[in-house]
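All values derive from a computational prediction rather than experimental measurement. Along the sequence shown, residues are numbered consecutively beginning with 1. Values reported hereafter were calculated over all heavy atoms of this structure, with side chains retained and with hydrogens, waters and symmetry mates removed.
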Amino acid sequence: MTNVLDDYMVDIRLSLLDKTRIQAQILLPMLRALRAELGQERADAIARQALRDWSQRLFAAVGKSVEGSPRRKWAAMHTALAHVTEREVTVEMVRHDEEALEFDVTHCRFAAFFRALGEPELGALLVCATDFDIVQAAGSDVSLAREQTLMQGAPSCTFRYRFAPRS
């Protein structure tokens, strides 16, 4: 079964968690070297901007490859991401109707991995921020509010999607 994120996954036999671990193996030594050379604040700012730019470009390109309305693009990417993360997270549904999709992630192996490394901010950039980049593909049709994340030490990640009325 193909999925709109197949190119992003590089090798669909790898789980997203395995892919993320591989990314961390490369990024952490580089980030630590930059911190030693430039200081933590400057190095982290450079890494944050570079990873945000990469993710935004990546998911904008994925969105362009999906046929249909902006909301359809979001739905395709959101569904694909849910598919590749479902065995790594525990989700409790709060609401799902025409106006909103609300759920909490109460367990996340990505967060556990990055917190064990002592690098939750890197995890937030590689994993958590992508949700907002996927929402950008929907323009004003979909919005996301997330007040807290497991990655940052909260008891859950709160996903609160709102949908514009269909015209």
Side-chain angles (χ1 to χ4, degrees), residues 3-36 40-60 62-63 74-96 100-138 142-162:
N3 160 331
V4 298
L5 297 181
D6 283 352
D7 288 342
Y8 167 67
M9 293 296 295
V10 180
D11 184 340
I12 60 172
R13 295 171 299 185
L14 287 176
S15 73
L16 184 56
L17 182 58
D18 288 337
K19 180 185 183 306
T20 302
R21 286 178 175 146
I22 292 166
Q23 290 172 324
Q25 285 179 332
I26 303 302
L27 290 171
L28 272 177
M30 183 171 291
L31 183 58
R32 289 176 177 155
L34 285 170
R35 286 172 178 165
Q40 182 162 349
E41 186 175 324
R42 181 73 181 126
D44 287 357
I46 291 168
R48 186 179 308 100
Q49 188 61 55
L51 290 172
R52 295 302 306 128
D53 290 348
W54 165 77
S55 182
Q56 289 169 348
R57 282 192 312 273
L58 173 78
F59 288 103
V62 172
W74 170 82
M77 288 190 287
H78 175 79
T79 300
L81 190 59
H83 177 74
V84 297
T85 60
E86 65 190 358
R87 64 181 175 209
E88 315 299 350
V89 299
T90 303
V91 175
E92 291 182 6
M93 190 60 63
V94 175
R95 178 181 175 191
H96 190 190
L101 171 62
E102 299 180 356
F103 59 90
D104 296 336
V105 172
T106 58
H107 175 75
C108 175
R109 292 179 62 197
F110 298 97
F113 171 70
F114 281 102
R115 290 177 59 73
L117 290 176
E119 295 288 345
E121 184 63 27
L122 180 59
L125 289 168
L126 283 175
V127 180
C128 305
T130 61
D131 300 307
F132 291 96
D133 299 334
I134 290 171
V135 163
Q136 284 182 353
V142 179
S143 64
L144 170 60
R146 186 169 50 214
E147 298 296 322
Q148 62 185 33
T149 66
L150 290 159
M151 194 76 76
Q152 296 167 322
S156 67
C157 304
T158 54
F159 287 78
R160 303 298 183 257
Y161 292 96
R162 295 286 179 260

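- Here the side chains of Val105 and Leu150 are in contact, with some heavy-atom distance below 4.5 Å.
- A pairwise comparison of heavy atoms in Leu126 and Gln23 identifies CD2-OE1, 3.9 Å as the closest pair.
- Separating the CZ atom in Arg32 from the CG atom in Leu27 is a distance of 11.0 Å, to the nearest 0.5 Å.
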Sequence neighbours left out, cut at 3.5 Å: what donor-acceptor pairs do the side chains of residues 84-91 make with other protein atoms?
| unit_1 | atom_1 | unit_2 | atom_2 | d |
| --- | --- | --- | --- | --- |
| Thr85 | OG1 | Leu81 | O | 2.9 |
| Thr85 | OG1 | Ala82 | O | 3.4 |
| Glu88 | OE1 | Arg109 | NH1 | 3.0 |

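- The distance from the CD atom of Glu102 to the CG atom of Leu144 is 11.0 Å, given to the nearest 0.5 Å.
- The environment of CZ in Arg52 is crowded: more than 12 heavy-atom neighbours from other residues, nucleotides or ligands sit within 6.0 Å.
- If you take CE on Met151 and CZ on Phe114, they are separated by 6.0 Å, rounding to the nearest 0.5 Å.
- Considering CG of Leu51 and CD of Glu121, their distance stands at 10.0 Å, rounded to 0.5 Å.
- Nearest heavy-atom pair across Arg146 and Cys128 is NH2-O, 2.7 Å.
- Every salt bridge (Lys or Arg N to Asp or Glu O under 4.0 Å) that Arg35 has, sequence neighbours left out, goes to Asp44, Glu119.
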Item checked: Asp131 vs His78, side-chain contact (heavy atoms from CB on, under 4.5 Å): CA-CA, chis, key distance, verdict -> CA-CA 8 Å; Asp131 300 307; His78 175 79; 5.8 Å; no
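- With hydrogens and angles disregarded, no donor-acceptor distance shorter than 3.5 Å links the side chain of Arg48 to the backbone of Leu122.
- Judged by distance alone, with hydrogens and angles left aside, the side-chain atoms of Thr130 form a donor-acceptor pair with the main-chain N or O of Val127 at under 3.5 Å.
- Put simply, the side chain of Leu101 reaches to within 4.5 Å of the side chain of Met93, judged on heavy atoms.
- Listed by first and then second residue, the side chain to side chain donor-acceptor pair (under 3.5 Å) pairs that reach into residues 147-157 are Gln148-Ser156, Thr149-Gln152, sequence neighbours excluded.
- What you find for Leu125 and Ala129 is that their closest heavy atoms are O-CB, 3.8 Å.
- Here the straight-line distance linking atom CZ of Phe113 with atom CG of Leu17 works out to 7.0 Å at 0.5 Å rounding.
- If you take CZ on Arg160 and CZ on Phe103, they are separated by 9.0 Å, rounding to the nearest 0.5 Å.
- Nearest heavy-atom pair across Ala24 and Leu117 is CB-CD1, 4.4 Å.
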